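Keep in mind that what you see is a predicted model, and the values were worked out from it rather than measured. First the proteins, then the strands, lettered A, B, ... as listed; each starts at 1.
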Number of protein chains: 2
Amino acid sequence: MTLSKYTKMLTKKSTSKTLSENISVDCVVFGFDGNELHVLLIDREDEMKNVASAYALPGNLIYDHEDLNQAAERVLNELTGLTNIYLEQFGAFGNPNRIKKKEDQPWLKAVRTNPNARVVTIAYYALIRMSDFKLNPSSFAKEATWVPLKDIAHLPFDHFDILNQSVNYLRNNTKIRPVGYNLLPEKFTLNEMQKLYEAIFNKKIDNRNFRRKIINLEVLNKLDEKQEGVAHKPAIYYQFNKEKYHSYIEKGFFKFEF
Amino acid sequence: MTLSKYTKMLTKKSTSKTLSENISVDCVVFGFDGNELHVLLIDREDEMKNVASAYALPGNLIYDHEDLNQAAERVLNELTGLTNIYLEQFGAFGNPNRIKKKEDQPWLKAVRTNPNARVVTIAYYALIRMSDFKLNPSSFAKEATWVPLKDIAHLPFDHFDILNQSVNYLRNNTKIRPVGYNLLPEKFTLNEMQKLYEAIFNKKIDNRNFRRKIINLEVLNKLDEKQEGVAHKPAIYYQFNKEKYHSYIEKGFFKFEF
DNA sequence: GCAAAAGTGTTTTGCCTACACCCATGT
DNA sequence: ACATGGGTGTAGGCAAAACACTTTTGC
């Protein structure tokens, strides 16, 4: 895809509306493959030969009329084809030099009508099932790709900062709220859930303690269904109890109360 | 103070620099008087007769060149005279209708060169000693006033939302990090600290348990100093242990770990 | 029957909670 | 000596952490 096609794509949906020059959204989309956290990045290799940070977080300017959350959803959709993603805002990044690095200029000049404008970006993160993205390989599939979190060492602009803060945010969030509703399949085993937690914290967890802890939260419903066709004792499937899940999402399950 | 004076005040420090049309900062400044949380609000009564929400959070547009944190500090300083305040970002508010309410238009028209521009605001909060503000009654003292948190029922724009989210944020933050470094005097008694926590959570706390808990965190240094001239057993003064305090600020003291 | 992953229980330790009285000072 | 707020200890329950073996299935 050429740059002009890219630019056109970004504006196609709302030709009558004007882009804000100064406000963008960036999305950190985490996926889980059963083993490892991945992040959905835009692949700009065609245009950015020999640049360490050819991959970038999906993000772009918002429209003047649109809500930030909507903008994040729209931009993510336009760049990756994803729809109906629950995005959560975790910060605003506004260093006046955040898009002034020399190496980032060619891209900006190609993509922005005013490449020198100062842009504050509102950062969002989402957790999705990687399969949701893989199973819908659109024309975007060439542009957006999953990259294992641990393999990401450079990103353009301040995207590496944003990524690191998102990981931090995700970890802190996971300590006080259940996680996985958007990341695990609808039915999943406790061990799959444990692997997710191990991936988020990058750390082995004792399976007896993990199970007890999760079960005691009463946030899962045990199903009458087992794995089939596995060459070992089949695991029982669970799913989230929506009410409990949402009440924990709101209130958290802090222990340090007074 | 007239509106034009107000407008001038807001721009006096950087006449050569241009205001962003679309990005503002708003600050929720909490103060503690030993009993109750207060919030520092701008008093617009002179200009806003008969309007329920004459008081507003201190906030304004940022300059194109300036960092968000700097902008928050500057705006707060210009509107209240406060300096050297530690501000923490807690969210961005970008509903496209957030400043479209009819009752808010007169003020916007008076204060903004482009009152119809869409503005996303980055919200900050700070905790300060109320005495720091009281003891420096500048010309601002008439404009900015402390209002007890519980007495605030309406605010213009989306400021009431912002305020509520800041309270939420403050409470959640207090559960996982020490609070008070910027809110309590340098030396303080455990009971003063307890009253602060009671104010934040709006709830009585058992003093034996509170003391044990705080002491066990090892975030305080006991001083060799007592209250003097009080008609009861003098309390021992404590101060924050900076290293421990900052390490907790970074890491938090979660109990729900794996 | 064996490989592979699922699932289960106990003990120890520390923290949270609830609760009531004595202490040091000024007047 | 009394009023005022400061300061302390203990017992019971619950959750966290550490730790190893048995179960069920496919092949």
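Neither side chain, B/R171 nor B/N168, offers a donor N or O lying under 3.5 Å from an acceptor on the other. Between A/D151 and A/Y55, the side chains place no donor N or O within less than 3.5 Å of an acceptor N or O (distance only, hydrogens not considered).
Checked by atom type and distance alone, the side chain of B/T121 pairs as donor or acceptor with a backbone atom of B/S24 at under 3.5 Å. Looking at A/E218, its side chain never comes within 3.5 Å of a backbone N or O of A/K244 through a donor-acceptor pair. With B/D158 contributing its side chain and B/D161 its backbone, the two residues share no donor-acceptor pair below 3.5 Å. Side chain of A/Y197 to backbone of A/V179: a donor-acceptor contact under 3.5 angstrom is found. Proximity of a side-chain donor or acceptor of A/N77 to a complementary backbone N or O of A/E73 within less than 3.5 Å is not detected. Judged by distance alone, the side chain of B/Y248 and the main-chain N or O of B/L217 form a donor-acceptor pair under 3.5 Å.
Rounded to whole Å, the distance from CZ on B/R211 to P on C/dA18 is 18 Å. If you take CG of A/N216 and C1' of D/dC14, they are 10 Å apart, rounded to a whole angstrom. Between the P atom of D/dG7 and the CD atom of B/Q194 lies a distance of 11 Å, rounded to the nearest Å. Across the protein-nucleic acid pair, B/L217 atom CG and C/dC15 atom P stand 10 Å apart, rounded to whole Å. When the P atom of D/dC14 is taken as reference, atom CD1 of A/I215 falls 19 Å away, rounded to whole Å. Between the CD atom of B/Q227 and the C1' atom of D/dG7 there is a distance of 12 Å, rounded to whole Å. Going from atom CD1 of B/I214 over to atom P of C/dC16 covers 11 Å, rounded to whole Å. In this entry the distance linking OH of A/Y237 with C1' of C/dA6 reads 13 Å, nearest Å.
Axis angle, first five pairs versus last five pairs of the helix from C/dG1-D/dC27 to C/dC15-D/dG13: 30°, rounded to 10°.
Using the six-membered ring where Trp is involved, B/F90 and B/Y169 have ring planes that are tilted, between 30° and 60° apart.
Interface residues of residues 185-192 of chain B facing DNA chain D, ordered by number: B/N191; criterion, heavy-atom separation under 4.0 Å.
At least one side-chain heavy atom of B/E198 sits under 4.5 Å from a side-chain heavy atom of B/K195.
Aromatic ring centres of A/F188 and A/F240 lie closer together than 6.0 Å.
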With B for base contact, S for sugar-phosphate-only contact and - for none (protein heavy atoms under 4.0 Å), nucleotides 19-27 of chain C reads BB--BBBS-
